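Being a predicted model, the structure only gives us computed values, none of them experimental. Lettering of chains follows the sequences in order, A, B, ..., and the numbering in each one begins at 1. Computed over heavy atoms, backbone and side chain alike; hydrogens, waters and symmetry mates excluded.
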Amino acid sequence: MKTGIVVFPGTWSDRDCAYALHDVLGEPVRYVGHRERDLGDLDLVILPGGFSYGDYLRCGAIARFTPVMEAVARFAQDGGLVLGICNGFQVLQEARLLPGALLRNASCEFRCEWVSLRVEQTWSAFTQGMRPGQVLSLPISHGEGNFYADPATLEVLQTNDRIVFRYATPQGQVAPQANPNGSTAGIAGICNARGNVLGLMPHPERACEALLGGSDGLVLFRAAVMALQAAAV
Amino acid sequence: MPLASARDLREVSLTEAEYRRIVELLEREPNDLELGIFGALWSEHCGYKTSKRLLAALPSGGRAVLQGPGENAGAVDIGNGLAAVFKIESHNHPSAIEPYQGAATGVGGILRDVFTMGARPIAILDSLRFGPLGIPHNRYLFQGVVAGIGGYGNCFGCPTVGGEISFDEGYSDNPIVNAMCVGIVPHGRLRRARAEQAGDIVLLVGAATGRDGIHGATFASVEMDSTSAARRPAVQVGNPFLEKLLCEACLQLNELDDVVAIQDLGAAGLTSAASELAHRGGRGVEIDVAVVSRRERGMSAYEVMLSESQERMLVVVRPDGEARARAIFDAFELHADRIGTITPQQRLRVREGRALRADLPLRALIDAVPLRTPAAMAPVRRAVEVALPLDDPEDALLAMLRRPNLRSRRPVYRTYDHQVQNNTVLGPGGDAALLRVAGTSSGLALTTDGNPWYTSLDPYAGTQAAVAEAARNIVCTGARPLAVTNCLNFGNPERPQVFWQLRESVRGLADACRAFGLPVVSGNVSLYNETSGRNIPPTPVIGMIGLLEDLDRRCPSGFQEDGDVICLLGETREELAGSEYARLQGAPLQGLPPRVDLDAERRLQGALLEVIHEGSVRSAHDLAEGGLLVGLAEAALFGRHGVRCPALTGQVSAAALAFGESQGRVLVSAPPRRVPDVQKVMAAAGVPVHALGVVGGDELQVGPAVRIRLDRLREAWECAWDTP
């Protein structure tokens, strides 16, 4: 499996993602510049966290116009795996590869802390091997992660089982006190209809070793590796 | 040419005597631009004219030191061929006027100081002081500063991992905002900002130049009053996105051998950056302001030279290397103007097209800064015994945990990204932050410390206490203290009592650093923290880094295992003066601060490192503000384990036992079978050990008088910021 990590001006989780995939998991990675158009050598494309173009406008609103995003759209359409983390999730929404919007946190403050996520479905490429109801502990770090979708979109997400993660208590209960940003229905991550494009606000790349507080992020990256291996067989 | 009027001189904050000296040095009258340049470089902020003589006494050498004071930041060896580059700097005056941008650009400035040295910034720490939050204006300043730090650091992508916040009336309207940054670079890539070869090209990279921040350096060198708000245009506006691009570009430039020097534009903008760069290399520099990209029309040469627009860098390249440097800027879509060249004559020459606007000898600008030694006067102090009652220790403990100076800082630090870069092993909230040095098994421990009440009572002892506590914080993580940076925030040094405070504080800093064998490799001085005639409490802030060679030997500050024995290391004396408990009781600030015994402190820290490294203790927590009961509660809350202790006993009053702030004390917990090892090592070092009780349960229980469930304890400690 070869992973491409997209670097927009202002991206900062690129190196952390490379660390998780390459240094921890031993997978080959390369950085993909925002002007690149050819993703032919890649199996997985990650849009990492950061403040693309400073996010002075709506988060991700400028990044979606970069040449690489056209390539990412084609790559996704061809069935390649795309993972948008934090700012990457925002970019995927701006690019219409995922529905909904990420509003300002209900607290109106940036939040950096560990949260618990409940796994809501296990059919997408990024959740294979997980158990439904499994709880993952991952950090968040964002000011605009308050997921919003209109009722019709929400209905589609729900009926098609496209809500991948919800904020929950450590015991796995979705509850307001476990929701760090006011997201509708506690939604922390969703996927597209085919399950090959995932966007989530928490940072799995920051949870890859016990030394730094936990390794549940590896569960997600390993699922992607497994999905690709299965597809290759 | 007419003589400068009193008004002109006030505008640039120079005295008449200083003006006469300038005329003497130049053998002529300076023009307006030249006068502005002198004003900026001879300001306290750039020229250190009041503090320079005092600072010369600080120890700055040592085996680990790769770069001492005098560059953008200091650097020390941290093993594995790597250097830690670090510095702390103030942004008090701008933050008092415009808290968000003031704090944000403070972070931006210190980040640039580190990455211009070729180092990648890996951590930010902030030391903050505000007036009581009950006053709406203080709340505005507090919220703005915290938002500004987060806004800049989060966007840039450098974790904010530590710092401290305290509140005291003495900071109403005059907050203290000190930001420290630490970066890492391989030894061979450590870069100094000095231009040594005439003919080299000077590029101005990054943001276009605007009118923001003109006179920032001189503004920071005078006291504030009711008209200061009108100085808001002198506060710069930050662009962390642009800074991120500049950082990545500089780190790439740093790989090129054609790049001679990179210098950040900070206080006094182009004037200071160009002069220092050339002067350090024994050369001169000629600049054409006409080619400087501007964001506003009609800017004069004066405005261009003194603008403090943020996110700008000077890059000096060999003529052959310009194309390679430009290729890097282009990749990041950064703008670069070729504004001048390095010259053999040691002069700063400013042109505007063909017209020569300023021509000044660099020695006069930099070496000839007229030093001042103002009068110093010690206040009359009496050794007052501070005796305080302690009626209900349980209520008192809950009240203490709710004190703004002691309550949990989580509401602040969770608004800062403290994890980005994947190296944060121990984040904010404990004694010191601990970061992995990427690619190695070692870690860096980082902390800032300072107690304004101790320094108010005795600036000499108070500053020593700050150094000792910073070192103790570092040692509690298992790391060995390595080096110091400092920020000296004081009032108006022209007041004899303030200058005495500064002098005593620097003396305390020097003596304590010598005793610990710690070099002071960088620092910053912020004077004139005086608002409407009121001076801030003396506020030296100590930033310290420590090295832990093997991260597996790290030590947390919270209790870890039920059944572990809790031991108090060090001696408790009858010391309540300047304590948080004295403030809770409404006692006036008087008496002598806790005694600092540097020899005892060294023995304690050495022995503590030994027991941590041999694995005898499972946790170590420094006792500081709030004393023993607060320390016990914190270690219980950090580790989510209860405590069972019999009633505290000792030779001192009940209040001093519970809440006294005697220095040189640490709480450790150890498995019962390891307690003899702890006792043995401590006995050999002459450190008293008192077994207090055991870890366990879901309560904090100390004798019959204190029995509080942990969730109740947490509720008090984690109360909201606006709780009075």
Are more than 12 heavy atoms from other residues, nucleotides or ligands located less than 6.0 Å from atom [atom1] of [X]?
X	atom1	result
A:R58	CZ	no
A:R30	CZ	yes
A:R15	CZ	no

What is the distance from atom SG of A:C86 to atom CG of B:D417, rounded to the nearest 0.5 Å?
->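 Nearest 0.5 Å value for the SG-CG distance: 8.5 Å.
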Can you tell me how far the CG atom of B:N423 sits from the CG atom of A:D16, to the nearest 0.5 Å?
->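 So the CG of B:N423 and the CG of A:D16 are separated by 8.0 Å.
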For chain A, which of [options] has the most heavy-atom pairs under 4.5 Å?
options	answer
B:A147, B:G150, B:C155, B:G157	B:C155
B:Q421, B:R410, B:R554	B:Q421
B:L245, B:N154, B:T424	B:N154

Of the backbone (N, CA, C, O) and the side chain (C-beta and beyond), which part of A:Y56 lies under 4.5 Å from a heavy atom of chain B, both, or neither?
->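 Side chain only.
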Heavy-atom contact with chain B under 4.5 Å, split by part of A:T11 =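 Contact with chain B involves the backbone of A:T11 alone.
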Structural part of B:L551 lying under 4.5 Å from a heavy atom of chain A =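 It is the side chain, since no backbone atom gets that close.
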Can you say whether B:F156 sits under 4.5 Å from chain A via the side chain, the backbone, both, or neither, judging by heavy atoms?
->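 Looking at B:F156, just its backbone touches chain A.
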Which heavy atom of [X] sits nearest to which heavy atom of [Y], and what is that distance?
X	Y	answer
B:V420	A:W12	CG2-CE3, 3.5 Å
B:Q419	A:P139	OE1-CB, 3.1 Å
B:K244	A:G10	CG-CA, 4.2 Å
A:G54	B:F241	N-CD1, 3.2 Å

Most contacts with chain B, counted as non-hydrogen pairs under 4.5 angstrom, among A:R206, A:E205, A:H142 |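 Of A:R206, A:E205, A:H142, A:R206 has the most heavy-atom pairs under 4.5 Å with chain B.
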Sort out for me which of A:E113, A:E109, A:E209, A:R111 touches chain B most, counting heavy-atom pairs under 4.5 Å.
->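 Most heavy-atom pairs under 4.5 Å with chain B: A:R111.
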Do A:H203 and B:N422 come within less than 4.5 Å of each other through their side chains, counting heavy atoms only?
->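 A side-chain contact under 4.5 Å is absent here.
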Show your reasoning for whether side-chain contact (heavy atoms from CB on, under 4.5 Å) applies to B:E248 and A:V7.
-> CA-CA 12 Å; B:E248 297 300 331; A:V7 185; over 6 Å; no
